[in-house]
Amino acid sequence: FVVTSPLSSSSSTGLFSSLKKDPKVESKTSDDSSASSSSVPVKSSEGLPFWWEAVWKLPIMKRGEPGEAIIFGDSAHVLRTNIEQIYGDYPSLDGCPLAEGELGDIADGTMFIGLQQYYKNYGSPYKLCFGPKSFLVVSDPVQARHVLREANTDYDKGVLAEILEPIMGKGLIPADPETWKVRRKQIVPAFHQAWLSYLVGLFGYCNEPLIKSLNDIAESKDRKAEMETYFCSVALDIIGLSIFNYEFGSVTQESPVIKAVYSALVEAEHRSMTPAPYWDIPLANQLVPRLRKFNSDLNLLNNVLDELIDRAKQTRQVEDLEELEQRNYEQVSDPSLLRFLVDMRGADIDNKQLRDDLMTMLIAGHETTAAVLTWALFELTRHPECLKEAQAEIDRVVGDRTPTYDDINQLKYLRLIIAETLRLYPEPPLLIRRCRTENNIPAGGGREATVIRGMDMFIAIYNIHRDERFWPNPDQFDPMRFTRPYSNPDIPGWAGYDPTKWENKLYPNEIASDFAYLPFGGGARKCVGDEFAVLEATVTLAMVLRRFEFEFDSDYQTADKCSINDMPKRTDHPVGMRTGATIHTRNGLHMLVKKRLLE
Ligand code: HEM
């Protein structure tokens with residue numbers, strides 16, 4: 001979930017610098033939305049000195065078997081990549097061009113936008129070096145499908161796992177393949193239908209404090225609300241109650257535990273942006289004030305989770321999986337996912353593993369949903385016609401009731417709004433992988449490439465979602481696009497988008513789009529909380545949009561800023577975009593709130 005950007009210390013000269021302007025590469029304008037793999041031909045290997053291929057191949061011959069340390073392979077690759085760059089006339093034998101451009105394009109906290117510009121110049125995949133690291137950037141559905149589904153066992157979470165391990169331990173996201181296999185099998189059934197149906201009511205309950213707070217704001221003199229913060233709070237309350245039966249109450253109060261959650265999130269984000277893992281240096285955790293604070297917050301959080309786990313274990317009632325899946329949740333005093341995991345027969349999990357699972361869920365399921373709610377409200381406020389249609393649907397289906405599971409099924413337009421928001425603002429915008437063994441990726445709409453063992457990779461979901469070869473008018477907010485089929489015969493191996501393939505599902509998924517739409521990833525490591533998240537976002541939007549109207553707070557729209565209707569990726573945009581683990585606003589979503597006049 002973390003976008004790594006180990007950029008800040010890399011200089012723009014010297015062996016390990018690769019980002020400089022190349023006058024030979026003609027930049028397309030920033031409005032171009034498709035990439036052309038032919039814009040930068042990969043140099044031919046004909047006429048090469050005999051030693052070049054030997055230099056390139058030598059480190060590969062020395063690489064060990066999957067599962068062994070990969071440091072050598074990785075360093076060797078970087079060295080080669082840098083040699084390729086310095087002696088620019090030699091081809092890249094893995095088939096990928098080396099991206100060159102202004103460092104500022106990706107160093108300002110919006111890395112995914114810089115990567116999109118390189119994609120327009122270089123196609124997919126291209127290679128990027130910063131500091132002592134190099135990454136392959138994949139921006140093609142056929143290639144993404146290959147890495148995530150067909151060759152998924154050849155890849156692991158690499159640098160992401162290294163960053164998250166101190167926080168999430170062996171939770172599902174950073175877990176090594178062996179641990180992951182066991183835990184995934186036990187966690188997936190916990191997201192069963194009876195629980196999800198019950199949760200819809202619980203989501204409604206968690207939204208009540210938000211509705212009350214917005215009511216108070218609407219009645220106040222200035223009517224101002226920073227909605228991103230409110231959505232973060234409601235998402236935290238929902239995760240707390242549904243995953244481990246803990247009431248954060250964060251919409252209405254602050255507490256040391258809530259602060260500790262945010263500290264963990266901020267630290268995960270900070271680490272993702274820091275080139276040198278100084279937290280691994282001996283004694284750093286005792287001496288660096290920032291790390292001392294983080295460790296004490298993490299301890300606090302771990303203690304809370306340990307206590308909840310102990311309590312759940314003390315009251316353990318072992319049941320078979322089938323019995324658990326048929327629980328009548330209306331009569332259960334603790335409906336949490338923790339309870340399910342503890343009660344499952346045969347799942348005698350140690351406390352540390354359970355804590356890692358809970359922490360992972362807390363972090364993975366909180367900011368992501370808050371972000372989709374924030375950007376949905378942002379886009380709906382910019383598109384009043386969509387907002388009106390959504391409100392008419394909510395009035396018709398739900399009215400003043402708390403939504404039920406059946407209601408969510410009928411709120412199709414609202415779900416399309418959520419899907420379209422996730423297309424434009426994927427959370428996270430990049431997936432991270434590391435190659436465990438040499439692998440060839442297919443050309444798709446780009447070029448074939450050989451990925452060597454140890455190579456780090458970004459799968460740039462943001463680029464795929466905003467490419468007009470897969471999504472016509474890609475920057476346009478158009479929820480109804482998911483009702484129209486689309487194909488593009490120019491992309492070999494891409495089956496196109498077929499709306500009939502997600503009938504009876506909650507959202508248009510990666511199967512219907514043949515991996516051109518990946519809001520929840522795809523393949524074996526696909527999000528386990530996808531339906532949970534769509535239900536949660538639909539309930540929250542239904543309850544909020546039924547009762548309130550919003551307008552942008554003009555205090556944030558000053559003369560020196562561009563219009564609210566411009567692309568939020570512009571740095572002078574009043575809302576703006578910034579990458580952390582997810583796409584945040586740069587300046588907050590400042591709104592004026594008004595009660596809705598209902599007939
Ligand atoms: C809108 C909300 C959400 C979005 C956009 C989202 C997105 C994603 C994506 C893209 C992945 C794949 C990561 C990868 O392949 O590297 C993922 C994995 C995961 N997500 Fe979500 N997620 C959301 C909500 C949730 C919720 C609510 C939960 C739990 C309650 C959750 C739990 C997880 C877990 C445990 C994984 C790791 C799965 C594995 O590796 O087996 N997510 N999510």
Side-chain angles (χ1 to χ4, degrees), residues 1-4 138 144-145 147-149 152 155-161 163-164 168 170-177 179-188 190-191 195-196 199 202-203 231 235-236 238-244 336-338 340-341 356-376 415 418-419 421-434 457-462 464-465 506-507 509-510 515 517-541 581-583:
F1 270 77
V2 179
V3 174
T4 44
V138 165
R145 187 183 69 209
V147 173
L148 295 176
R149 194 172 69 187
N152 110 79
Y155 293 86
D156 64 20
K157 297 280 180 104
V159 74
L160 182 73
I163 290 167
L164 292 180
M168 298 185 186
K170 289 183 173 229
L172 270 193
I173 290 182
D176 58 89
T179 309
W180 172 83
K181 217 170 165 181
V182 177
R183 295 307 297 142
R184 173 107 186 174
K185 226 186 228 165
Q186 297 192 344
I187 288 175
V188 165
F191 287 80
W195 189 59
L196 291 174
L199 283 186
L202 185 137
F203 296 158
F231 285 140
L236 179 59
I238 284 176
I239 278 289
L241 214 50
S242 44
I243 301 297
F244 37 86
S336 69
L337 179 128
L338 169 62
F340 185 100
L341 293 179
D356 291 347
D357 291 334
L358 298 186
M359 187 72 92
T360 302
M361 234 68 87
L362 173 66
I363 293 178
H366 163 218
E367 267 210 321
T368 42
T369 319
V372 72
L373 289 167
T374 303
W375 291 112
R415 285 187 283 114
I418 291 162
T421 304
L422 279 168
R423 188 186 64 80
L424 289 173
Y425 307 92
E427 319 289 353
L430 307 170
L431 300 183
I432 298 175
R433 292 291 185 273
R434 180 177 288 156
M457 179 185 281
F458 288 145
I459 299 175
I461 305 186
Y462 186 85
I464 301 176
H465 284 191
L506 281 173
Y507 66 95
N509 52 24
E510 75 285 3
F515 282 67
Y517 179 61
L518 294 163
F520 296 102
R525 307 243 10 194
K526 185 179 168 177
C527 180
V528 290
D530 57 343
E531 295 193 340
F532 180 116
V534 173
L535 294 171
E536 174 186 357
T538 314
V539 170
T540 304
L541 281 181
T582 57
I583 306 177

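Atoms within each ligand, like the ligands themselves, are counted from 1 in listed order. This is a predicted model, so every value here is computed, not measured.
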Proximal ligand 1 atoms for [X], defined as those under 4.0 Å from one of its heavy atoms:
| X | result |
| --- | --- |
| Ala533 | 1 (C), 2 (C), 24 (C) |
| Trp180 | 39 (C), 40 (O), 41 (O) |
| Gly365 | 25 (C), 26 (C), 27 (C), 28 (C) |
| Glu427 | 4 (C), 5 (C), 6 (C), 7 (C) |
| Phe532 | 27 (C) |
| Pro519 | 5 (C), 7 (C), 10 (C) |

Handout entry: Output field: ring centroids Phe203/Phe532 closer than 6.0 Å
Key =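 Centroid distance Phe203-Phe532: below 6.0 Å, so yes.
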
Exercise for the section: Please confirm whether Pro428 comes under 4.0 Å of ligand 1, counting heavy atoms of the residue only. Expected result: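 Yes.
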
Handout entry: Heavy atom of His366, distance to ligand 1 below 4.0 Å
Key = no

Handout entry: Between Asp357 and Thr360: side-chain donor-acceptor atoms closer than 3.5 Å
Key =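 No, no side-chain donor-acceptor pair sits under 3.5 Å.
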
Handout entry: Polar contact flag, side-chain donor to acceptor under 3.5 angstrom, Asp530-Tyr507
Key =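 A donor-acceptor contact under 3.5 Å links the two side chains.
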
Exercise for the section: Please confirm whether Glu536 comes within less than 3.5 Å of ligand 1 when only nitrogen or oxygen atoms on both sides are compared. Expected result: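 By distance alone, the answer is no.
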
Handout entry: Contact check: Arg184 vs ligand 1, nitrogen or oxygen atoms, below 3.5 angstrom
Key = yes

Handout entry: Minimal non-hydrogen separation, Ile239 against Met361, with atom names
Key =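 Heavy-atom minimum between the residues: CD1-O, 3.9 Å.
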
When rounded to the nearest 0.5 angstrom, what distance separates [atom1] in [X] from [atom2] in [Y]?
| X | Y | atom1 | atom2 | value |
| --- | --- | --- | --- | --- |
| Ile464 | Arg423 | CD1 | CZ | 12.5 Å |
| Leu337 | Leu358 | CG | CG | 7.5 Å |
| Thr582 | Trp375 | OG1 | CH2 | 10.0 Å |

Handout entry: Shortest reach to atom 15 (O) of ligand 1 by a heavy atom, considering only Met168, Lys526, Arg433
Key =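 Selected option, by shortest heavy-atom distance: Arg433.
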
Practice task
Mark yes when over 12 heavy atoms from residues, nucleotides or ligands other than Lys157 sit less than 6.0 Å from its NZ; otherwise mark no.
Solution key: yes

